[in-house]
Amino acid sequence: MEKRWWQEAVVYQIYCKSFCDTNGDGIGDLGGVISKLPMLKELGINCIWFNPIYKSPQVDNGYDISDYQDIEPSFGTMEQFKELLDKAHAMGIRVVMDLVLNHTSDQHKWFQESRKSKDNPYRDYYVWRAPKENGKEPNNWGNYFYEGRGSAWQFDETTGEYYLHNYSVKMPDVNWEYEPLRQEMYKMMTWWLDLGVDGFRLDAINRLKKPAGLPDSKMPPAPPVGIYGYVVDRAICTNVPGIHELLRTINKEVWSKYDCMTVGECGNLSSDGALDYISQGNNEIDMLFHFEIGKNPNIITVNEYKQTQQRWIDLMQHNAWITQFLTNHDSARQVSRFGNDQQYRVPSAKLLATLIHTMPGTPFVYQGEEIGMTNVHFDTIDDYDERYTVGKYYTAVEAGEDPEVALSRLRPTSRDNARTPYQWDDSENAGFTTGKPWIKVNPRYTEINYAADRASKDSIFEFYKKLIAMRKTNPAIIDGDFKFLLMDHPQMVMYLRKCARQTLLVVCNFSDETVPVQIPAELEGFTWERLLTNREETAPSLERRDNWLPWEAEVYQVKL
Ligand code: NOJ
């Protein structure tokens, strides 16, 4: 496969709202990001992915866009964005925007026009349907935000029709069947690429195409929310026939004309259907995020983790490239979810990083991972902001669940775990803002923060730096073959990365226990040199090792 820049990239995801506030309004801003560019440069990343920073009423923290070609005023201005882009580029850091093509805000001028009359030129930019004979919604779909408590259709008095909103009622789905809408979208993406951005993370990209005739979902309504009669069927608008043709068209009209990176968020997609999207010859998108590892709330075993990785890595044999990430702004914090955020917070954060940075594919670091930020425990639902947690909570409580029980159930998977402000130091509000933060700071900030981590001899940030630097000097990480060893071992994750110039071995004890394991016979007879460890206290020689400390992670290379 012809080498592209994003295959050598390490991407850092910035949730601007929670990163760094420079004007004291409690909301992170572009000035904050500019001020931290040197820190990102030092970390070694060479690409930023911004969660949406366009003008938005912030119903869904920016995924509800009211103007695609302007910056959200609480984040800054277009001038500041251009300054940021120039500064980042001058430092060798590319900038990728999050693009939401499935829906807009109801405040977008297209929708404001669309709802005015049935013959408005913007009417068909959105999906409108007449009520059923009994006045009810056109079908039984429930919106994702209210877990079956609400329909995916909203009746609009002005024209007496319903509009489709798979997400919030304030986020109407756009209509990709309508050519003028497509043309507007192409123009808008072209405008950003001409401005100099380096690509897009494509929100919910496999949901753009809706099933012909918008049929009822056959999925039974799940109790207890079944009482409302709406079915939250995330699959029904996902990977619908015609989606590939649509993506190929967008690729031809826009993306193929630039040296840009496209990475699509693809919920409800298994490795079986993935090649259609990412096989290079198909000319659709470059990479995708799947949720076979990272999706809340499933807890994955070490064996499942290995099997899933293997399935996705196998796709790379077919002219395709994959992503490596464990969490993002939509999930719990990785060290809390996959590691141990108490006794082994530091080594487990480093082990997870080791996997992300040495497995095949492009690594994505979510802000705060590089200092081992953890989940948050808010005492009341009022402290939670994000729509899924709040929606699920009230749905459950309305259906009779004890409020405390409902909250305890929802806490570990809340997306707010990842959205609390970046913990810069141990001063008030973790140094994130001098004002009142838009969402509370994680109380663990006095112990876990950037300044403390940088001062520690066991710094996670330093470990990330080493891993990211290794990528540049060890060809096997990007180009090497991949082979798991000890595939069926329930705790150890061990693999070889081999290219013509180098053989690397990664050994990780993915558990809280000391694991007695000897190295497989096929590794004997070589001299192994340790390149990296998160456990300096262990012997650097692989040959004599027969047990591995909890969360120990090592990288070795064959000494030639
Ligand atoms: C996926 C985004 O990552 C998430 O944060 C958002 O709520 C939905 N898409 C809707 O845009």
Side-chain angles (χ1 to χ4, degrees), residues 11 13-19 28 49-66 68 72 75 96-108 111 126-127 141-147 150 152 164-174 176 185 200-210 232 234-239 243 262-269 285 287-291 293-297 323 325-334 364 366-367 384-392 410 413-420 438-439:
V11 185
Q13 183 189 348
I14 296 187
Y15 203 73
C16 184
K17 196 165 185 173
S18 299
F19 192 58
W49 148 27
F50 269 114
N51 283 102
I53 51 175
Y54 317 91
K55 195 162 185 205
S56 156
Q58 301 288 309
V59 167
D60 188 24
N61 288 350
Y63 285 91
D64 49 319
I65 299 171
S66 56
Y68 284 100
E72 162 57 22
F75 294 162
V96 165
M97 301 292 272
D98 207 321
L99 197 54
V100 190
L101 297 175
N102 181 69
H103 44 267
T104 68
S105 160
D106 64 350
Q107 301 305 306
H108 195 290
F111 190 71
Y126 296 86
V127 184
W141 300 355
N143 77 69
Y144 308 152
F145 274 26
Y146 287 100
E147 289 295 304
L164 176 67
H165 64 92
N166 272 317
Y167 294 86
S168 155
V169 64
K170 292 178 183 304
M171 293 154 68
D173 285 49
V174 301
W176 277 90
M185 291 294 200
F200 301 110
R201 177 267 189 189
L202 300 160
D203 188 67
I205 196 66
N206 54 342
R207 299 210 160 118
L208 299 192
K209 184 90 186 168
K210 316 297 176 205
V232 183
R234 285 184 168 74
I236 200 162
C237 290
T238 314
N239 312 318
I243 182 68
T262 52
V263 52
E265 185 209 29
C266 291
N268 290 88
L269 181 73
I285 55 177
M287 294 181 274
L288 61 80
F289 294 125
H290 68 84
F291 298 94
I293 294 171
K295 191 169 173 60
N296 281 328
T323 57
F325 76 106
L326 286 171
T327 46
N328 56 33
H329 65 292
D330 284 334
S331 59
R333 284 276 173 190
Q334 76 185 28
F364 287 76
Y366 179 62
Q367 70 182 38
Y384 285 89
D385 167 84
E386 69 96 356
R387 299 298 101 192
Y388 288 141
T389 307
V390 177
K392 282 180 189 167
L410 293 168
T413 57
S414 173
R415 304 191 294 176
D416 283 335
N417 286 307
R419 298 180 181 186
T420 58
W438 70 273
I439 186 169

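These numbers come from the heavy atoms of this one structure, side chains and all, not from hydrogens, waters or symmetry mates. Just so you know, ligand 1 is whichever comes first in the structure, and atom 1 is the first atom listed for that ligand. Predicted model, so just to flag it, every value in this text is computed and none were measured.
Here the shortest heavy-atom pairing between Gly264 and Ile205 reads CA-CG2, 3.7 Å.
Separating the CD atom in Glu265 from the CZ atom in Phe289 is a distance of 8.5 Å, to the nearest 0.5 Å.
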- Query: Checking side chain to side chain donor-acceptor pair (under 3.5 Å) for the pair Asn51/Tyr63: CA distance, chi angles, key distance, verdict?
  - Reply: CA-CA 8 Å; Asn51 283 102; Tyr63 285 91; 2.7 Å; yes

- Would Tyr68 and Thr104 count as a side chain to side chain donor-acceptor pair (under 3.5 Å) if you check the C-alpha gap in whole Å, the side-chain angles of each, and the deciding distance to 0.1 Å? CA-CA 9 Å; Tyr68 284 100; Thr104 68; 5.8 Å; no

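For the salt bridge (charged side-chain N to carboxylate O under 4.0 Å, His left out) test, residues two or more places apart in sequence or in another chain that qualify with Arg419 are Asp330.
Atom NZ of Lys209 has more than 12 heavy atoms from other residues, nucleotides or ligands within 6.0 Å.
Contact residues for ligand 1 (protein heavy atom closer than 4.0 angstrom to any ligand atom): Asp60, Tyr63, His103, Tyr167, Arg201, Asp203, Glu265, His329, Asp330, Arg415, Arg419.
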